[in-house]
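Keep in mind that what you see is a predicted model, and the values were worked out from it rather than measured. Naming convention: chains lettered A, B, ... in sequence-line order (proteins, then strands); numbering from 1 in each chain.
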Number of protein chains: 2
Amino acid sequence: MNIGEVAERAGLPAKTIRYYEDIGLVKPPRDANGYRAFRESDLHKLAFLARARALGFSIEDCRVLVGLYQDDHRASADVKRVAEEHLTRIDEKIAQLQGMRDTLATLVNACHGDNRPDCPILKDLAEGS
Amino acid sequence: MNIGEVAERAGLPAKTIRYYEDIGLVKPPRDANGYRAFRESDLHKLAFLARARALGFSIEDCRVLVGLYQDDHRASADVKRVAEEHLTRIDEKIAQLQGMRDTLATLVNACHGDNRPDCPILKDLAEGS
DNA sequence: CTTTACCTTCCCATGACTGGAACCCCCATA
DNA sequence: TATGGGGGTTCCAGTCATGGGAAGGTAAAG
């Protein structure tokens, strides 16, 4: 399989796949012409990576998860720990964004949005709450 | 005022303030010794920037907001539009994270987290939902 | 044979900083 | 007067996970 087909099937840009090879996440062999020759197992791993990335796991998390996936003697606790830590980080991020959102929504609501200069949004930014 | 004091009072790292000067957000004059000599107005602007950044506005948004702030003839509608667009982006981000969070929470819940290898998290990543 | 589509490597850019090296400047103390 | 410490300065490189694009080799189609 060439990179184009793999990109299509794994749902990842070819650029990204090359990058994943660069950082050692996949190691496809090469054809005589220098083209990457992906095996089914490479495709499978890339699809795994695509899903993990879609859940927001960092590349380093992905590296760990792939390692665990390929380790028949893994403990599911190890997987769970990685996922829980990531979940915590996501929750923190959501809380932070929610805080911004609330403040911003209040300010936007308070702003007339007409052609006069008075603006509670700028007022808040200038003076602090 | 030297950069250290401004950093303290604006709540921004000195490095960040130098960066803001680099990209033209502030233009403090210099003392004879080459030190930046911040005026009250610079401090004020940096505090404004700190608050805008804390609300998640991009640097380019900040540039626009500062411009509007300094324009006595601004229309509050222009400010409101910038804020509304940012609000929309935040909402999208929150929705995306919330989606990840829900999937991840379900998977974490389903995982025993013991020393056996069976793991619904890895199963999901490997096979897709 | 030529076009077109694909593949290769390589380098640069993103956003918003952060870290560190190498150096200058000012004040206080031994 | 030397020295030490705590400012300040510039410049370069790195972060994260790609994306863009150039320059060139290769394969498939007409």
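The backbone N or O of B:N33 lies less than 3.5 Å from no partner atom in the side chain of B:D31, so there is not a single donor-acceptor pair. A donor-acceptor pair under 3.5 Å links the side-chain atoms of A:T88 to the main chain of A:E84, judged by distance alone. Judged purely by atom type and a 3.5 angstrom limit, B:D124 has no side-chain atom pairing as donor or acceptor with the backbone of B:I121. The backbone N or O of B:G4 sits nowhere less than 3.5 Å from a side-chain atom of B:N2 that would complete a donor-acceptor pair. B:R63 contributes a side-chain N or O that, together with a main-chain N or O of B:I23, makes up a donor-acceptor pair within less than 3.5 Å. Judged by distance alone, with hydrogens and angles left aside, the side-chain atoms of B:R74 form a donor-acceptor pair with the main-chain N or O of B:L68 at under 3.5 Å. Panel note: side chain B:R51, backbone B:L55; no donor-acceptor pair is recorded below 3.5 Å.
Smallest separation of non-hydrogen atoms from B:C62 and B:A52: SG-CB, 3.7 Å.
Heavy-atom contacts of chain B under 4.0 Å fall on DNA chain C between two terminal nucleotides, which in 5' to 3' order are C:dA16 to C:dC26. First and last contacting nucleotides of DNA chain D toward chain A (any atom under 4.0 angstrom from a heavy atom, 5' to 3' order): D:dA17 to D:dA27.
Between the side chains of B:D118 and A:S76, no donor-acceptor pair is found at a separation under 3.5 Å.
Remark on DNA chain C: of its neighbouring residues B:K15 and B:Y19, the 5'-side contact belongs to B:Y19, judged by nearest-heavy-atom nucleotide.
Applying side chain to side chain contact (heavy atoms under 4.5 Å, CB included) to A:P28 and the options A:D42, A:L46, A:V6 leaves one that passes, A:D42.
Within the 4.0 angstrom heavy-atom criterion, only backbone atoms of the sugar-phosphate kind lie near A:I3; the bases stay farther away.
Looking at residues 34-64 of chain A, you'll see A:G34, A:Y35, A:R36 sit with a heavy atom under 4.0 Å from some atom of DNA chain C.
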